[in-house]
Amino acid sequence: MAILRRAAATLLAASAALLAIPPTASAHPGPHATLARENFDRLPLGPVAEGRGWTSDTAGGTLTVVPGETGHGRELRIRTEGNGRAFLVFDKLAPPGNSFWGRLRLRVGGFPSAPDWAHWTIAEASGADAPTLVRPLGGQYAPTDGGNFWGVGSDLGPTGDWTSWKTSSPAVAGKWQCVEFHLDARDNRVSVYLDGVERGDLTVSTKEHGGTAGDFVFPAFDKLKLGWQLYQADPTPSSYDIRMDDIALGTRRVGGCGNGG
């Protein structure tokens, strides 16, 4: 009987131990998975071409890790000449349900004032299965309204090349902002948040967008580029300086941007 009691006690202890062990992470991202993070603090100062989970795409532009302007940590300096480009490229994305959130801190030193309708991109998501480029963060210089304005856009897909900029969301130079975007495949919806506040004026979706007649449909996302590109030649100013920090991509809202974040 004593042997049986000891055996039963051993079995109960083993069962309790198994129940106490947390489940291991799945090989596939769970419902609240972090897809990527980068704050540049672990990278050496100076020119950089890759980091944790990302590579780079540059032409007429550079990526440089510099001391943070606040005296704490490090940040990324993005510099381009003319209509050059400089991007971090997260090229191994596989977001569950083809939907994900992005968050980053951003400061653009100056926006274009020429030529008319100069168009710029800060974030671009794409997939190998379709040519459609989805640009959740970008904007355009509108001479008719005397400034640059945020706008969600797309290119190379069935709805054409468009940027749905809004005068209600002006792009302000020289100011740090916490910027978020959500790509929601349930209705091909792109939502943008500035300093924690949703900018409903910038939302686009399957039926409501800035392109030609037809449905706006996401590709199967496997890549995200973050950085700067201006598409028109001989812009004013002739060079652009952008600072970026605290990048996080995940399957739910990352937070950290103040109201609601």
Side-chain angles (χ1 to χ4, degrees), residues 25 27-30 32-69 72-80 84-108 120-138 153 155 176-183 190 192-193 218-230 240-257:
H28 300 285
H32 304 309
T34 297
L35 302 176
R37 283 187 180 272
E38 181 60 87
N39 63 11
F40 307 102
D41 290 346
R42 296 185 180 183
L43 294 175
L45 295 173
V48 63
E50 61 183 6
R52 291 177 294 177
W54 59 269
T55 57
S56 57
D57 173 20
T58 62
T62 57
L63 303 173
T64 308
V65 177
V66 298
E69 292 184 340
H72 300 285
R74 299 176 178 183
E75 61 197 38
L76 184 69
R77 181 187 186 192
I78 302 166
R79 184 172 177 82
T80 63
R85 68 179 185 269
F87 286 105
L88 288 75
V89 183
F90 297 89
D91 59 0
K92 293 179 174 58
L93 291 183
N98 203 38
S99 302
F100 67 98
W101 287 80
R103 185 212 65 201
L104 59 146
R105 292 181 62 244
L106 177 74
R107 193 198 75 175
V108 180
W120 40 272
T121 292
I122 290 171
E124 181 180 274
S126 60
D129 69 316
T132 304
L133 302 175
V134 178
R135 294 166 175 158
L137 293 178
D155 196 9
W176 278 100
Q177 285 188 288
C178 192
V179 183
E180 302 167 275
F181 57 87
H182 183 206
L183 302 176
V190 182
V192 177
Y193 298 70
F218 289 170
F221 293 124
D222 58 23
K223 180 188 296 185
L224 176 71
K225 298 167 65 172
L226 295 175
W228 176 267
Q229 182 169 8
L230 193 152
Y240 296 86
D241 191 288
I242 297 90
R243 302 296 176 98
M244 192 174 288
D245 203 358
D246 298 328
I247 297 168
L249 309 177
T251 57
R252 65 176 178 179
R253 191 174 183 185
V254 180
C257 282

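Just so you know, these numbers use all the heavy atoms, side chains as well, and skip hydrogens, waters and symmetry mates.
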Which of parallel (below 30°), tilted (30 to 60°) and perpendicular (above 60°) describes Trp54 and Phe90?
tilted
Hey, could you give me the CG/CG distance between Leu76 and Asn39, rounded to the nearest 0.5 Å?
11.5 Å
Heavy-atom pair with the smallest gap, counting every atom of Ala123 and Leu226
CB-CD2, 3.6 Å
Check: Arg103 side chain, Gly255 main-chain N or O, donor-acceptor pair, under 3.5 Å:
yes
Take Thr121 and Arg85, measure what side chain to side chain contact (heavy atoms under 4.5 Å, CB included) needs, and give me the verdict at the end.
CA-CA 9 Å; Thr121 292; Arg85 68 179 185 269; over 6 Å; no
What distance separates His182 NE2 from Arg253 CZ, expressed to the nearest 0.5 Å?
10.5 Å
If you round to the nearest 0.5 Å, how far is CG of Leu43 from CG of Leu63?
11.0 Å
What pair of heavy atoms forms the shortest contact from Gly227 to Ile78, and how long is it?
CA-CD1, 3.8 Å
Can Phe181 and Ile122 be said to form a side chain to side chain contact (heavy atoms under 4.5 Å, CB included), step by step?
CA-CA 12 Å; Phe181 57 87; Ile122 290 171; over 6 Å; no
Asp241 bridged to Arg77 by N-O distance under 4.0 Å
yes
Start with the C-alpha distance between Asp155 and Arg135, add both sets of side-chain angles, then the distance that settles side chain to side chain contact (heavy atoms under 4.5 Å, CB included), and finish with yes or no.
CA-CA 8 Å; Asp155 196 9; Arg135 294 166 175 158; 3.5 Å; yes
Do the charged groups of Glu75 and Arg107 touch, with an N to O distance under 4.0 Å?
no
With distance as the sole test, does Asp91 use its side chain to make a donor-acceptor pair with the main-chain N or O of Thr55 at under 3.5 Å?
no
Might you point out which heavy atoms bring Phe87 and Lys225 nearest each other, and give the distance in Å?
CD1-CE, 3.6 Å
Angle between ring planes, Trp228 versus Trp120, binned at 30° and 60°: parallel, tilted or perpendicular?
parallel
Closest heavy-atom contact between Trp176 and Glu69?
NE1-OE1, 3.1 Å
From Cys178 SG over to Leu104 CG, what is the distance, rounded to the nearest 0.5 angstrom?
7.5 Å
Heavy-atom side-chain contact between Pro44 and Val65 under 4.5 Å:
no
Taking C-beta and beyond as the side chain, do Leu106 and Leu137 meet within less than 4.5 Å on heavy atoms?
no
If you apply the rule side chain to side chain contact (heavy atoms under 4.5 Å, CB included), what do you find for Thr64 with Arg79, and how did you get there?
CA-CA 8 Å; Thr64 308; Arg79 184 172 177 82; over 6 Å; no
With rounding to the nearest 0.5 angstrom, report the CD to CG distance, Glu124 to Leu133.
4.5 Å
Considering non-hydrogen atoms only, spot the tightest contact between Thr251 and Ala33 and give its length.
OG1-N, 2.7 Å
Quick one, Phe40 and Asp245 - any side-chain contact, counting heavy atoms below 4.5 Å?
yes
Does Thr80 use its side chain to pair, donor to acceptor, with the backbone of Ala86 at less than 3.5 Å?
no
Locate the shortest heavy-atom distance separating Pro136 from Val190; write the atom from each residue and the value.
CB-CG1, 3.7 Å
Please report the interatomic distance CZ(Phe221) to OG1(Thr132), rounded to the nearest 0.5 Å.
9.0 Å
